[in-house]
Amino acid sequence: MSSAQKARFEGKAAVVTGGSRGIGAAVARRLVQEGAAVAIGYRGNKEAADALVAELGDGGGHAIAVQADVAVPEQTGALIARAVAEFGRLDVLASCAGVEHFDALEKITPADFDHVFAVNTRGQLFAVQHAVAHMSEGGRIVLTSSVSASRAFFGHTLYAASKAAVESMVLNLSAELGRKGITVNAIAPGGTATDMAAENSSNYLHPDLVGKQDPSEWIELGVALRRLAEPSEIAAGYAFLASADAAYMTGRTLQVDGGLF
Ligand SMILES: NC(=O)c1ccc[n+]([C@@H]2O[C@H](COP(=O)([O-])OP(=O)(O)OC[C@H]3O[C@@H](n4cnc5c(N)ncnc54)[C@H](OP(=O)(O)O)[C@@H]3O)[C@@H](O)[C@H]2O)c1
């Protein structure tokens, strides 16, 4: 890491929801490596969150772990308030918490709909609301969409719709937050090697190909770079949008997908 990169978040404080595992953990690592103090939010995996805090502390960084279910806006508010109490400021919100969902139309229940949207969509809107209350000019908000928001897969309607709403959210919020000098963008990751991807890879296959094709084959054939992303490669996109380098970007969704076609 060059000293110019390290300076990007020196003296800054961030909240990363979904920071215990996968993409969020990689974002927390990257922000701390570049100098930020980070509050890592998690839903239930205290062990993973505590291990990450210890790892980052051993590297000389400053991180805390806070349990908060983003489906309950008051808990997100408490996570953000805790970060501000601990660090004295809030410069960056990286909203990474999310849940996957696959099911055919006839099997989707109102409870499924409410849960997926409560985490992926409502959870992100209220995270922004709580974060903005503590941010000043130069604040940076990065939400999480998915390439699935603009690409069709069998049984992916609910998840894709919950993420497409996020892209519309950043577009519209940018107008309001621009007046405060705060930027709000989203990352749309492509397939990334995390627990979520491991648990769902076969669901991305066309139903006629289940049992006939290895899920890794469509990655090789459908992604220009022929592989899943490493979480750290996606985290680099969040760090860019969270940095001063992205000062003139707002309301946009950045696809980091290895060239999905
Ligand atoms: N992996 C991919 O291929 C991919 C592609 C496109 C978009 N995405 C999006 O990228 C984000 C991260 O995905 P990932 O692959 O890293 O997922 P993951 O490996 O399943 O990790 C999910 C993270 O979100 C947290 N979380 C889940 N529900 C939560 C809730 N209700 N409240 C608070 N935290 C919650 C989990 O906390 P616990 O550890 O406590 O459970 C964990 O930290 C998600 O928004 C996902 O939709 C992923």
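As the structure lists them, so they are numbered: ligands from 1, and atoms in each ligand from 1. Position 1 is the first residue of the sequence; numbering continues from there.
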Option nearest atom 45 (O) of ligand 1 (shortest heavy-atom distance, choices Met196, Lys163, Arg43): Lys163
Just to be sure I'm reading this right: ignoring hydrogens, which of Ser20, Gly19, Ala65 gets closest to atom 43 (O) of ligand 1? Compare them by their nearest heavy atoms.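 Result: the heavy atom closest to atom 43 (O) of ligand 1 is in Ser20.
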Taking only heavy atoms of [X] into account, list the atoms of ligand 1 that are under 4.0 Å away from them.
X      : value
Gly98  : 24 (O), 27 (C), 44 (C), 45 (O)
Gly190 : 3 (O), 5 (C)
Asp69  : 30 (C), 31 (N), 32 (N)
Gly18  : 23 (C), 24 (O), 25 (C), 43 (O)

Relative to the ring of Tyr204, is the ring of Phe153 parallel (under 30°), tilted (30 to 60°) or perpendicular (over 60°)?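 If you compare the ring of Phe153 with that of Tyr204, the planes turn out perpendicular.
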Kindly assign one of parallel, tilted or perpendicular to the pair Phe102 and His156, based on the angle between their ring planes and the thresholds 30° and 60°. parallel
With a 4.0 Å heavy-atom cut-off (strictly under), which part of Cys96 contacts ligand 1: side chain, backbone, both or neither? backbone
Residue part near ligand 1, for Thr144, under 4.0 Å between non-hydrogen atoms: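 Within the 4.0 Å criterion, Thr144 contacts ligand 1 through side-chain atoms alone.
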So is there a nitrogen or oxygen of Gly191 less than 3.5 Å from a nitrogen or oxygen in ligand 1? no
Nearest protein heavy atom to atom 6 (C) of ligand 1, by residue and atom, and its distance?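 That would be Pro189 O, 3.2 Å.
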